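Single-structure report; data block below.
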Amino acid sequence: MKLLLIEIIVCFFAGMGAGLGTGFAGMSAAAVISPMLITFLGIPAYEAVGIALASDVLASAVSAYTYGKNKNLDIKNGFVMMITVLIFTFVGSFVASKVPNSTMGSFSTVMTLLLGIKFIVRPVMTTKETMTLVSPKKRLIQSVLCGTVVGFICGFIGAGGGMMMLLLLTSILGYELKTAVGTSVFIMAFTALTGAGSHFMIGGMPQLLPLILCIGFTLLWARIAAKFANKASAITLNRATGVVLAILGGAIFLVNLLK
């Protein structure tokens, strides 16, 4: 009974952190759920990543639906970026397999923390009107290049996809924050589905209870965060996103220290 309660509590906080990160910033659930399941429940790393990716699928999908309903989603360029991300993730993985000691486990955590601080100190105040000034052809080329960079880094390092996408969408492609997050979660829903499917095919089905709990809690908090984010003003969303990312980055760092 005690072990069951601990399992529920760990999955609740893992799902809450992952859901808030997904709904506010298009962050991958794997960055939060995996270290918590490994550290506090002793779940094998490969299995924990599979659970995290499965949790990401519905959470990202419902977030993308919420952002899309509020017209904060660029499906056309997002689809182009998604295809490029998937292709170059495989390329990055292949290159990484040929290079020794290529893993950078702390990359995603540090990036989450720094990106959170960036949104608090220097908020993204681009408007949709400014976004429309970029020609469709230029936006398409930028989407391909952005997808190439994100995909290769994800495949090579094994982390940081959601954060990399948000950084490039806001800083390089000049997206307004809500549209950047909406497009990011749209892409993440498909990449997470691909990742979860391959994990389960290779490693088999994970433990059922943590899987169900993490999917449910992540979905709940992602829905809450996405609804709040779409109603918030630009400056409020920047601050809320920054605070959530900074807290999650710091928390994940501490969890990793406990390993």
Side-chain angles (χ1 to χ4, degrees), residues 4 6-67 82 85-86 89 105 108-109 111-112 154 158-166 181-182 184-229 241 244-245 247-249 251-252 255-256:
L4 177 62
I6 291 170
E7 203 164 6
I8 292 171
I9 291 169
V10 170
C11 290
F12 173 79
F13 282 106
M16 181 173 72
L20 290 174
T22 300
F24 273 121
M27 181 180 173
S28 171
V32 182
I33 292 176
S34 301
M36 289 195 69
L37 295 185
I38 294 164
T39 305
F40 297 113
L41 297 181
I43 293 175
Y46 195 84
E47 190 176 332
V49 172
I51 291 171
L53 287 168
S55 303
D56 225 351
V57 178
L58 285 179
S60 293
V62 78
S63 297
Y65 171 77
T66 305
Y67 278 92
M82 179 194 72
V85 167
L86 290 173
T89 297
S108 182
T109 305
M111 191 171 178
T112 301
C154 282
M163 292 298 91
M164 279 294 298
M165 256 184 287
L166 187 63
V181 176
S184 180
V185 288
F186 171 73
I187 296 167
M188 290 300 294
F190 291 95
T191 55
L193 181 63
T194 306
S198 61
H199 263 72
F200 294 160
M201 279 192 289
I202 296 167
M205 283 297 291
Q207 297 174 42
L208 206 55
L209 184 60
L211 176 66
I212 293 169
L213 288 172
C214 285
I215 288 175
F217 288 135
T218 306
L219 179 60
L220 170 67
W221 286 100
R223 175 74 172 148
I224 292 169
K227 287 192 81 169
F228 173 83
T241 303
V244 167
L245 289 178
I247 291 173
L248 287 176
I252 298 162
V255 168
N256 285 327

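Both backbone and side-chain heavy atoms feed into the values below; hydrogens, waters and symmetry mates do not. Quick caveat: nothing in here was measured; it's all calculated off a predicted structure.
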Can you tell me how far [atom2] of [Y] sits from [atom1] of [X], rounded to the nearest 0.5 angstrom?
| X | Y | atom1 | atom2 | answer |
| --- | --- | --- | --- | --- |
| Phe217 | Ser55 | CZ | OG | 11.0 Å |
| Ile43 | Glu7 | CD1 | CD | 6.5 Å |
| Met188 | Leu166 | CE | CG | 11.0 Å |
| Leu58 | Ile215 | CG | CD1 | 6.5 Å |
| Thr66 | Arg223 | OG1 | CZ | 4.0 Å |
| Leu20 | Leu220 | CG | CG | 9.5 Å |

State, to 0.1 Å, how close [X] and [Y] come at their nearest heavy-atom pair, and which atoms those are.
| X | Y | result |
| --- | --- | --- |
| Ala18 | Ala29 | CB-CB, 3.7 Å |
| Ser34 | Ala52 | OG-CB, 3.5 Å |
| Val85 | Thr191 | CG1-CG2, 4.0 Å |
| Gly19 | Ala225 | O-CB, 4.1 Å |
| Thr22 | Ser63 | CG2-OG, 4.0 Å |
| Thr241 | Ala25 | CG2-CB, 3.6 Å |

| Steps toward ring-ring contact (aromatic ring centres under 6.0 Å, His included) verdict (Phe228, Phe24) | CA-CA 8 Å; Phe228 173 83; Phe24 273 121; 5.7 Å; yes
Counting C-beta onward and ignoring hydrogens, is there a side-chain heavy-atom pair between Val185 and Val62 closer than 4.5 Å?
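Of all side-chain heavy-atom pairs linking Val62 with Val185, none is under 4.5 Å.
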Do Cys11 and Leu209 have side chains that approach each other closer than 4.5 Å (heavy atoms only, starting at C-beta)?
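A side-chain contact is absent here, since even the closest heavy-atom pair is not under 4.5 Å.
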Audit row: Leu211, Met205, side chain to side chain contact (heavy atoms under 4.5 Å, CB included) steps and yes/no:
CA-CA 9 Å; Leu211 176 66; Met205 283 297 291; 3.9 Å; yes
Derivation of the side chain to side chain contact (heavy atoms under 4.5 Å, CB included) call for Val32 and Met27:
CA-CA 9 Å; Val32 182; Met27 181 180 173; 3.7 Å; yes
Worksheet item: Side chains of Asp56 and Thr218: do they bring a donor and an acceptor to under 3.5 Å?
Response: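 Their side chains do not contain a donor-acceptor pair, so the 3.5 Å distance test is not met.
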Note to self: Heavy-atom count check: over 12 atoms from other residues, nucleotides or ligands less than 6.0 Å from Phe13 CZ?
What the structure shows: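 Open: at most 12 neighbouring heavy atoms sit under 6.0 Å from CZ of Phe13.
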Assess whether atom OH of Tyr65 is packed by more than 12 heavy atoms of other residues, nucleotides or ligands within 6.0 Å.
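No.
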query = Could you walk me through whether Cys214 and Leu37 pass the side chain to side chain contact (heavy atoms under 4.5 Å, CB included) check?
reply = CA-CA 10 Å; Cys214 285; Leu37 295 185; 4.1 Å; yes
Report the relative orientation of the aromatic rings in Phe12 and Trp221; use parallel for angles under 30°, tilted for 30 to 60°, perpendicular for over 60°.
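Taking Trp221 first and then Phe12, their aromatic rings stand perpendicular (interplane angle over 60°).
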Go through it in stages, so that I can follow the logic: the residues are Leu213 and Val10, the test is side chain to side chain contact (heavy atoms under 4.5 Å, CB included), and I'd like the CA-CA distance, side-chain angles, deciding distance and then a yes or no.
CA-CA 10 Å; Leu213 288 172; Val10 170; over 6 Å; no
Side-chain donor or acceptor of Ser184 paired with backbone N/O of Val181 under 3.5 Å
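Not at all, since once roles are kept as given, no pair shorter than 3.5 Å links the two residues.
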